[in-house]
There are 2 protein chains.
Amino acid sequence: MANKKRTTLKDIANELNISPAAVSKAMHNDSRISDKTKEAVKRVAKELDYQPNHLASALRKGKSNLVGVIVPRTNSHFFSSVIENMESVLNKAGYNIIITQSNESFKKECKNIDTLLYTQVDGIIASMANETVDLSHYEKIKSKGIPLILFDRGENDLNVDYIGIDDYESSHMIVEHLISKGCKRIAHIGGFRRTRIYNNRIRGYVDAIHKYNLPHDNHLLLESSLTLEDGRVKMQALLKLDNPPDAVYVASDYAALGALQVLNEQNIKVPETICLVGFGNEPFTSFVRPSITTVKQHSKQIGEIAAETFIKRISEDNWKPKLDKNILKSELIIRSSSNK
Amino acid sequence: MANKKRTTLKDIANELNISPAAVSKAMHNDSRISDKTKEAVKRVAKELDYQPNHLASALRKGKSNLVGVIVPRTNSHFFSSVIENMESVLNKAGYNIIITQSNESFKKECKNIDTLLYTQVDGIIASMANETVDLSHYEKIKSKGIPLILFDRGENDLNVDYIGIDDYESSHMIVEHLISKGCKRIAHIGGFRRTRIYNNRIRGYVDAIHKYNLPHDNHLLLESSLTLEDGRVKMQALLKLDNPPDAVYVASDYAALGALQVLNEQNIKVPETICLVGFGNEPFTSFVRPSITTVKQHSKQIGEIAAETFIKRISEDNWKPKLDKNILKSELIIRSSSNK
DNA sequence: TATATTTGCTTAATCGATTAAGCAAATATA
DNA sequence: TATATTTGCTTAATCGATTAAGCAAATATA
């Protein structure tokens, strides 16, 4: 089966003996085209199975109606849910999305940005890879003059719209919860400080520890890549301390799961001996044994607000320097792993 | 910051007092352009931060170098891994991918196909939604004359290239494994028969049961949406039977997890009282207690072969009626839930 | 030295859809 | 009835990149 020649506006125009311009206007319900012509055009368009050529109209209009999305990975419930809700809002406004994943790699992230810009997206909504420190690729998006919106993994220095939860406050909430359960030596397996959200979680943890006059022991604060595997490694390190913690707050559910595996393997009672708290409310936190206390990040709102912010920016005639920083309140989901 | 005017070939041409055609050729290293001009063009292109306009070149060349991907959902390890490996192969061949998810909805899947065709992708690689029965949207892709490749969730009727595992044989393998563990009443929580892979798994299960002269009890074979929640419901139904099974083979890991939850809640020993087997090797199967025996689907190969098949099809001058049906052998991962 | 070939470009058309400008016919208003 | 306005189209240019065709100058070959 050879490639069928696709139907163009010109084909419809020839069929009806009118100009392609009239056909274009009829398809868009221009008020200067008669109802009779509109009907005829739409009838013939259907007959010939006309599909508009997006490339041509995007090129002419200078607008692709595509929004690029970059996430560290799609196989996390949080990102998948953000995308789903974002897409729903954008679809209603006539935009389609292109999803790309960086796999937490800086190089891949740069490549994704290039691909999206090359595809002429009208804007980019992104969450940064763990590895990303150099921001020049993001500056490139800004210099193109198209909206850039960051969520969850953002960067203050970039000066763009941002949607995320209050990580500093979330850490406070967790530490207070653990104190209320009688914990006295609270450890934190955090992410790398260079990533803003992890830095905020670490700051929140440290400040809360001080606020409630708990021992501030440097051995209790570890920086991690937050993979399941590294969660195991860091938990093992904590257990080897002369004076191990009675509670561990892990900055990601995956690493918390690794920590839980180690605790289970070593027959350490959770929560009786050590309380465990994760972050992100990944589905598995509710079905492992014991179920893991964690923080819900409101992925629905984050996705929706990100989409709405994009729409707002794209509709503005002149780029306003005022930015939105949407900091949502998170929610602590208390489960067995800290409920003693 | 107003939208900066983007640099075009014409800008470079004006700068060097040559024609845009010469610039275009220089950028593509045409042999009929002198090295001196090529160097000058590339220098100026860099100076002016030239980025080719994909829309224009794609429109002119009638080729977008984009491949559309449709998956039921991205937040499953299987699909995410298939995409990752597919992308890696396609990137090397100069293609970029656009990921869309149907969320198992037929309507959303149709919309995704429209979006991808509208974006002028050069081909589509898809795995069908559970809901999909009507195939007219897929026929639409075929009628455009662009390659369509299905993986995992395919359809014989469509007559397109397909990559997946041998589901029929996998069921045999599972039943044989359970028999070797001494199981005598093996139940199957399967997917809907209308989906080919689930139909094959059911057929494999039924044939294996007959082959080994096990009791063929209609109550032991259930059709399910295979969500975690429905896995719970179906497991509860099986436990209410007068003569409950001593092994349950579930056609998806998520539903198997729901089944496991019910078994744990009712203090039924797994594997001692009832053996459990899932399908798909989702990461959580290894870290729940007990860990779940499951089937590995070789997502890496599926992704790579799908990409290579696309490249093969797109490079063919004339569309050949001969199709590739790649049926890979699956692998049984034996874990605690069936290892008595 | 005369002709053929190669080199290095330019010109002009094209991919489809859109839109500013404009024109004739139909209709409305004075 | 004479002029103004509206209606319903057409014409032609445009968005950038690409490419077939072609031409003049440079170089190779007889």
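All chains are named by letter (A, B, ...) in the order of the sequence lines, taking the proteins before the strands, and each is independently numbered beginning at 1.
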(request) Determine: side-chain N/O of Ser19(B) to OP1/OP2 of dT10(C), distance under 4.0 Å, yes or no. (result) yes

(request) With heavy atoms under 4.0 Å as the rule, sort Leu55(A) into base, sugar-phosphate or nothing. (result) nothing

(message) Can you see if the side chain of Tyr50(B) gets near the phosphate of dA17(D) - specifically, an N or O under 4.0 Å from OP1 or OP2?
(response) yes

(message) If the cut-off is 4.0 Å, is Ser31(A) near the phosphate of dT7(D), judged by side-chain N/O to OP1 or OP2?
(response) no

(message) Under a 3.5 Å threshold, yes or no: a donor from one side chain and an acceptor from the other, between Ser105(B) and Glu131(B)?
(response) no

(message) Please identify which of these residues, Arg313(B), Lys61(B), Lys144(B), Lys63(B), meets the salt bridge (charged side-chain N to carboxylate O under 4.0 Å, His left out) condition with Asp122(B).
(response) Lys63(B)

(request) Return yes if a side-chain donor-acceptor contact under 3.5 Å exists between Thr37(B) and Ser34(B), otherwise no. (result) yes

(message) How long is the straight-line distance from CD1 of Ile146(A) back to CG of Leu117(A), given to the nearest 0.5 Å?
(response) 5.5 Å

(request) Select one nucleotide: of dT18(D), dA17(D), dC23(D), the one nearest the side-chain heavy atoms of Arg32(B). (result) dC23(D)

(request) Quick one: do Lys312(B) and Asp324(B) satisfy salt bridge (charged side-chain N to carboxylate O under 4.0 Å, His left out)? Show the steps, please. (result) CA-CA 11 Å; Lys312(B) 199 171 113 186; Asp324(B) 286 354; 2.6 Å; yes

(request) Take atom CD1 of Ile12(A) and atom P of dT18(C), then tell me their distance rounded to the nearest Å. (result) 11 Å

(message) If the cut-off is 4.0 Å, is Ser24(A) near the phosphate of dT18(C), judged by side-chain N/O to OP1 or OP2?
(response) yes

(message) On DNA chain C, does the nearest nucleotide to Ala22(B) precede the nearest nucleotide to Arg60(B) from the 5' side, or the other way round? Give the residue.
(response) Ala22(B)

(message) So, applying side chain to side chain contact (heavy atoms under 4.5 Å, CB included) with Phe78(B), which one of Asp152(B), Ile83(B), Val71(B) is it?
(response) Asp152(B)

(message) Whole angstroms only, please: what is the NZ-P distance between Lys25(B) and dG8(C)?
(response) 12 Å

(message) In this structure, how many angstroms lie between the C1' atom of dA17(D) and the NE2 atom of His54(B), rounded?
(response) 12 Å

(message) Go nucleotide by nucleotide along DNA chain C from the 5' end; which of Ile33(B) and His28(A) gets its closest nucleotide reached first?
(response) Ile33(B)

(request) Using atom NZ of Lys10(A) as one end and atom P of dA13(C) as the other, report the distance to the nearest whole Å. (result) 13 Å

(request) Using the six-membered ring of Tyr50(A), assess whether NZ or CZ of Arg6(A) lies under 6.0 Å from its centre and within 45 degrees of the ring axis. (result) no

(message) Using whole Å, what does the distance between atom P of nucleotide dG16(D) and atom CG of Leu117(A) come to?
(response) 16 Å

(request) Determine yes or no for a side-chain-to-main-chain donor-acceptor pair under 3.5 angstrom, with Ser80(B) supplying the side chain and Thr74(A) the backbone. (result) no

(message) Measure CD/Gln51(A) against C1'/dA17(C) and give the value in whole Å, please.
(response) 15 Å

(request) Would you mind reading off the distance between Asp30(B) atom CG and dA17(D) atom P, rounded to a whole angstrom? (result) 17 Å

(request) Ignoring backbone atoms, establish whether Ser34(B) has a side-chain N or O less than 4.0 Å from OP1 or OP2 of dC9(C). (result) yes

(message) Return whichever of Val23(A) or Pro52(B) has its heavy-atom-nearest nucleotide of DNA chain D closer to the 5' end.
(response) Val23(A)

(message) What is the distance, to the nearest angstrom, from the CG atom on Leu59(B) to the C1' atom on dT18(D)?
(response) 10 Å

(request) Runs of at least three consecutive Watson-Crick or G-U pairs, both distances under 3.5 Å, are what I'm after; which ones involve DNA chain C? (result) C:1-30 with D:1-30

(request) Measure distances between side-chain N and O atoms of Lys61(B) and base N and O atoms of dT14(C), and say whether any donor-acceptor pair falls under 3.5 Å. (result) no

